[in-house]
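All of these numbers come straight from a predicted model, not from anything done at the bench. Basis for what follows: all heavy atoms, side chains included, without hydrogens, waters or symmetry-related copies. Along the sequence shown, residues are numbered consecutively beginning with 1. As the structure lists them, so they are numbered: ligands from 1, and atoms in each ligand from 1.
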Amino acid sequence: MGVKRSRISHGKMEMAGDSEAEMESSNSSRNWTSCAVVACLIYLPLLVLLVGAYRKPSLEWLRSVGFTAETGLRSASSSPPLPEPVKDKLLGGLLSPGFDESSCLSRYQSVLYRKASPYIPSPYLVDRLRKYEALHKKCGPNTELYNKSIEQLKSGRSTGPSECNYVVWIPYNGFGNRVLTIVSAFLYALLNDKVLLVHVPEDFADLLCEPFPETSWALPKDFPVEKLENLGVRTPESYGNMLRSGVIKNDMRFAANLTLPAYVYLHLSHDYSSLDKIFFCEDAQQMLRKLPWLLLKSDNYFVPALFLVEEYEEELRRLFPERETVFHHLGRYLLHPTNVVWGYVTRYYQVYLAKAYEMVGIQIRIFQHAPVSFDTMLNQIINCSRKENLLPAVNLEEPGVPPKNAREKAVLVTTLYSGYFDRLRNMYYEHSTATGEVIGVYQPSHEEQQHTDHQNHNIKAWAEINLLSFSDALVTTACSTFGYVAQGLGGLKPWIIPRPAERNQDCLRGSSMEPCFHSPPSYDCKAHKDVDKGAVVRHVRHCEDLDSGLKLFD
Ligand SMILES: *[C@@H]1O[C@H](CO)[C@@H](O)[C@H](O)[C@H]1NC(C)=O
Ligand SMILES: *[C@@H]1O[C@H](CO)[C@@H](O)[C@H](O)[C@H]1NC(C)=O
Ligand SMILES: *[C@@H]1O[C@H](CO)[C@@H](O)[C@H](O)[C@H]1NC(C)=O
């Protein structure tokens with residue numbers, strides 16, 4: 001399809017995809033958290049009502065947001081692009097070469113689209129991944145050892161760890177939340193020599209390629225525990241509830257005399273109980289190692305809390321000498337869009353984005369519980385982009401015809417709403433820029449509301465996350481899991497737009513590219529009291545976009 005690119009163009013898929021449902025702890029120690037949202041709601045944000053109409057950016061408005069050339073700010077983008085380094089399709093050894101390329105084109109092609117990563121995986125991580133792959137192949141679905149473990153699971157009791165021990169990941173909540181938890185569950189499995197299997201219901205099918213060679217991570221359909229979707233905080237087999245009822249105990253001396261259950265369900269979602277949170281204690285980790293089957297459901301990036309478990313400290317330091325690369329490396333190792341999704345990504349990229357010399361991604365997410373007016377949000381985005389020299393000012397006085405060979409900078413807007421795109425596009429349509437470059441504004445889709453459980457929606461959401469991850473600079477709104485995934489895959493420290501009520505600032509730079517753990521535990525297992533977990537170890541601190549959250553940084 002030969003789409004003529006106009007200078008200011010926009011392409012919209014008829015349908016849309018921006019999906020995420022950020023969650024927050026309902027019973028966290030500080031419950032004024034700004035990311036809080038009621039679980040599982042698929043909602044139509046109030047804001048939609050405000051953004052439908054086309055608005056012409058008035059001169060007055062452009063001046064008020066400091067977005068005119070008169071401010072005299074210069075665009076940083078006028079420097080020539082750096083020469084492209086040689087592309088390493090195995091990402092420094094992160095990826096195994098043992099795959100058929102055509103079955104999953106994105107696996108080895110993503111590197112051609114993303115900015116070159118300055119972060120090199122440690123040789124130790126590479127070695128552990130190859131060992132993990134061997135373990136997964138030995139224990140994967142339908143192997144003899146897997147069948148043996150299933151027989152044991154069916155027997156209803158466990159006699160201790162077996163040769164193959166499993167973590168079964170169960171999807172929950174928005175697409176962004178899901179991939180954050182897959183990565184968290186994988187790291188947990190890696191630290192414990194367990195095998196990660198993923199439950200793939202219909203709405204999650206055909207989104208991710210198999211990450212491990214010559215085997216599968218998909219949980220077989222005949223898995224004997226039924227209705228995995230229904231597991232929740234009240235499930236009697238949950239870790240917290242079994243501790244309460246005395247079916248399991250963390251103290252090893254007592255545990256030696258108890259018959260262990262066939263499996264434990266780990267409920268690590270935003271609404272988890274204080275007993276569920278004991279999971280993050282050292283003795284719980286030791287006890288859970290005895291169990292061949294763990295089922296895990298979460299909507300949170302719980303990796304930072306694993307860094308607070310003392311016994312993992314040394315191993316994690318060896319795996320990730322640069323702490324802020326956990327999601328960056330594991331995400332690029334595990335999360336490969338299928339050919340269907342990759343088709344959306346590459347078609348859109350080639351038609352709209354390929355000819356730009358630089359791309360700025362803007363992810364806008366607004367939460368029902370923390371409404372922000374359209375104008376406030378737009379002004380913040382524009383002020384931030386100007387101040388940080390991400391986008392050029394516009395000329396208000398001269399007609400400003402760009403030179404014929406003007407370079408294009410692309411702005412990729414991903415959001416559920418359409419108003420932001422219109423305003424940005426019109427701003428650069430109606431005015432020339434101070435730098436002489438032309439600005440193309442693009443938004444692949446807007447659905448006005450989230451459909452977490454529609455597969456087609458998830459395809460587009462996943463495609464847009466990948467497109468965003470190709471950005472040279474990324475602007476995100478507070479607490480967006482969608483933004484977290486894009487920044488992690490892209491190796492980008494985002495400019496975060498905080499809630500205006502909370503900080504008198506247009507945006508602040510993320511201290512790392514890591515996602516934020518929105519509802520971390522605060523219990524200190526040794527001191528037996530709540531503590532400030534952001535002050536315990538060197539590399540874990542509170543998040544820029546959520547004071548009660550935790551994130552890794554260097
Ligand atoms: C944007 O910047 C202008 C000028 O610097 C300022 O007057 C305005 O209050 C800012 N808007 C927001 C939403 O921060
Ligand atoms: C494991 O069980 C499945 C049926 O559940 C069977 O198809 C498969 O052949 C078995 N694998 C081995 C190695 O016995
Ligand atoms: C465990 O069982 C053994 C034998 O029945 C008993 O001697 C021992 O005291 C028990 N230990 C605990 C901690 O209950």
Salt bridge (Lys or Arg N to Asp or Glu O under 4.0 Å) contacts in which one or both residues fall within residues 152-173, not counting sequence neighbours = Lys138-Glu163, Glu151-Lys154

To atom 14 (O) of ligand 2, the nearest of Asn142, Thr143, Asn147 on a heavy-atom basis is Asn147

SG-SG under 2.5 Å, Cys516 vs Cys479 | no

Answer yes or no: is there an ion pair linking Asp193 with Arg128, defined by an N-O contact shorter than 4.0 Å?
-> yes

Determine if the distance from atom 7 (O) of ligand 2 to the closest protein heavy atom is below 4.0 Å.
-> no

Ring geometry between Tyr119 and His328 (parallel below 30°, tilted from 30 to 60°, perpendicular above 60°) | perpendicular

Would you confirm whether any non-hydrogen atom of the protein falls under 4.0 Å from atom 11 (N) of ligand 2?
-> yes

Sub-4.0 Å atoms of ligand 2 with respect to non-hydrogen atoms of Glu144 | 13 (C)

Parallel, tilted or perpendicular for Tyr113 and Phe470, by the 30°/60° rule?
-> parallel

Please check atom 4 (C) of ligand 2 for a protein heavy-atom neighbour under 4.0 Å.
-> no

